[in-house]
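Worksheet: one structure, shown below.
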Amino acid sequence: MFYKITNKESELYKKLHELRSKELKIEKENDAAVKRLVGDDWNHFSGWLGQQNFLRVTTYSGFAFKHPENLPPKTWKKHKEYEDIYVPDRRTKNGRAIAEALDNLPHSSLICVFEILEMQMLGRFAFPYIEICDDETIVLFVDDKFDLEKKFQEVVEITKKEANELLEGGEKCSQS
């Protein structure tokens with residue numbers, strides 16, 4: 001279900017805005033840290049993109065380097081399944097250091113969203129996402145089994161079309 005929150009004075013709005021702002025800052029800082037750590041000579045990566053995972057920020061485990069022939073051989077090795085991806089070789093000192101640095105990048109937690117929205121993480125669910133639009137409207141998606149309108153007065157259910165218009169339209173959101 002898609003929702004929007006426009007009441008900037010509500011506690012729910014403030015908590016969600018603070019969480020998403022923190023996550024966007026972490027994304028930007030992690031991107032710079034990864035470029036310092038492994039360079040920017042890669043096209044794509046393996047890992048999880050954006051907030052649709054338990055850590056709610058992009059995570060990196062391997063990279064498709066543009067010039068793999070220039071990689072230090074005792075630091076990187078080819079991924080077992082994906083031919084163009086190289087992962088840190090954890091059997092070497094340099095590889096372990098890079099792997100640990102990637103594993104220890106700052107992150108958020110899915111639990112924070114569930115706590116703010118007073119929902120329980122039981123069984124299967126769709127990952128919630130939060131976006132802050134240019135006009136500071138918060139667009140929120142949560143699994144259909146959670147009805148936030150019953151729980152919070154400031155939450156207004158919107159259609160998928162309305163959510164897409166807010167996310168892609170004139171009122172652009174700061175998406176990761």
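Values reported hereafter were calculated over all heavy atoms of this structure, with side chains retained and with hydrogens, waters and symmetry mates removed. All residue numbers refer to positions in the sequence shown, counting from 1.
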Exercise. Tell me, with the steps shown, if Glu11 and Lys15 meet salt bridge (Lys or Arg N to Asp or Glu O under 4.0 Å).
Key: CA-CA 6 Å; Glu11 281 303 308; Lys15 288 177 182 177; 5.1 Å; no
Side-chain contact, heavy-atom cut-off 4.5 Å: [X] with [Y]?
X	Y	value
Leu12	Asn7	no
Val34	Thr58	no
Leu37	Tyr60	no
Ile5	Val156	no
Phe65	Leu71	yes
His17	Glu136	yes
Phe114	Val142	no

Quiz prompt | Counterpart residues, side chain to side chain contact (heavy atoms under 4.5 Å, CB included), relative to Ser61 (two or more places apart) | solution = Ser46
Quiz item: Is it true that Arg96 and Glu100 make a salt bridge, defined as a side-chain N closer than 4.0 Å to a carboxylate O?
Solution: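 No, no charged N to carboxylate O under 4.0 Å.
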Self-check item: Electrostatic pair Arg20-Glu131, nearest N-O below 4.0 angstrom
Solution: yes
Exercise. Assess whether atom NZ of Lys28 is packed by more than 12 heavy atoms of other residues, nucleotides or ligands within 6.0 Å.
Key: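 Not buried by this count: 12 neighbours or fewer within 6.0 Å.
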Practice problem: Count the heavy atoms belonging to other residues, nucleotides or ligands that lie under 6.0 Å from NZ of Lys66, then report whether that count exceeds 12. | Solution: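 Enclosed.
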Between [X] and [Y], do the side chains contain an N or O donor and an N or O acceptor separated by less than 3.5 Å?
X	Y	result
Glu18	Ser21	no
Glu27	Gln51	no
Glu23	His107	no
Thr137	Asp135	yes

Self-check item: Verdict with reasoning, Met121 to Ile111, per side chain to side chain contact (heavy atoms under 4.5 Å, CB included)
Solution: CA-CA 8 Å; Met121 284 179 45; Ile111 294 169; 4.1 Å; yes
Hey, what do you get for [atom1] ([X]) to [atom2] ([Y]), rounding to the nearest 0.5 Å?
X	Y	atom1	atom2	value
Leu140	Ile130	CG	CD1	6.0 Å
Leu110	Gln52	CG	CD	9.5 Å
Phe152	Ile116	CZ	CD1	9.5 Å
Leu117	Leu16	CG	CG	5.5 Å
Leu24	Ile132	CG	CD1	6.0 Å

Practice problem: Treating Ile, Leu, Val, Met, Phe, Trp and Tyr as nodes and any side-chain heavy-atom pair under 4.5 angstrom as an edge, say whether Met1 and Val113 lie in one connected cluster. | Solution: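 In one cluster with Met1: Val113, yes.
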Quiz item: Would Trp42 end up clustered with Ile98 when hydrophobic side chains under 4.5 Å apart are linked, directly or stepwise?
Solution: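 Same cluster: Trp42 reaches Ile98 through Ile, Leu, Val, Met, Phe, Trp or Tyr contacts under 4.5 Å.
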Quiz item: Which heavy atom of Asp143 sits nearest a heavy atom of Phe125, and at what distance?
Solution: OD2-CA, 3.1 Å
Exercise. Provide the closest heavy-atom pair for Phe63 versus Leu102 in the form atom of the first, atom of the second, distance.
Key: CE1-CD1, 4.0 Å
When you measure from the side chain of [X] to the backbone of [Y], do you find a donor-acceptor pair of N or O atoms at a distance under 3.5 Å?
X	Y	answer
Thr59	Gly47	no
Asn53	Val57	yes
Ser10	Glu154	no
Asn30	Pro106	yes
Lys151	Glu118	yes
Lys145	Arg124	yes

Quiz item: Where do Leu55 and Ser108 land on the side chain to side chain contact (heavy atoms under 4.5 Å, CB included) test, with the steps shown first?
Solution: CA-CA 5 Å; Leu55 300 180; Ser108 184; over 6 Å; no
Quiz item: Under the ring-ring contact (aromatic ring centres under 6.0 Å, His included) criterion, do Phe54 and Phe127 qualify, and how do the steps go?
Solution: CA-CA 8 Å; Phe54 288 100; Phe127 284 100; 5.1 Å; yes
List, one per line, each side-chain donor-acceptor pair under 3.5 Å for residues 75-91, sequence neighbours excluded.
residue : atom : partner : partner atom : Å
His79   : ND1  : Glu81   : N            : 2.9
His79   : ND1  : Tyr82   : N            : 3.2
Asp84   : OD2  : His44   : NE2          : 3.1
Asp89   : OD1  : Arg91   : N            : 3.1
Asp89   : OD1  : Arg91   : NE           : 3.4
Arg90   : NH2  : Asp103  : OD2          : 3.0

Practice problem: For side chain to side chain contact (heavy atoms under 4.5 Å, CB included), just list the numbers for Thr159 and Phe2, CA-CA rounded to whole Å, side-chain angles, deciding distance to a tenth of an Å, and then say yes or no. | Solution: CA-CA 6 Å; Thr159 65; Phe2 292 91; over 6 Å; no
Quiz prompt | Stepwise side chain to side chain contact (heavy atoms under 4.5 Å, CB included) test for Tyr13 and Ile138 | solution = CA-CA 7 Å; Tyr13 177 93; Ile138 291 180; 3.5 Å; yes
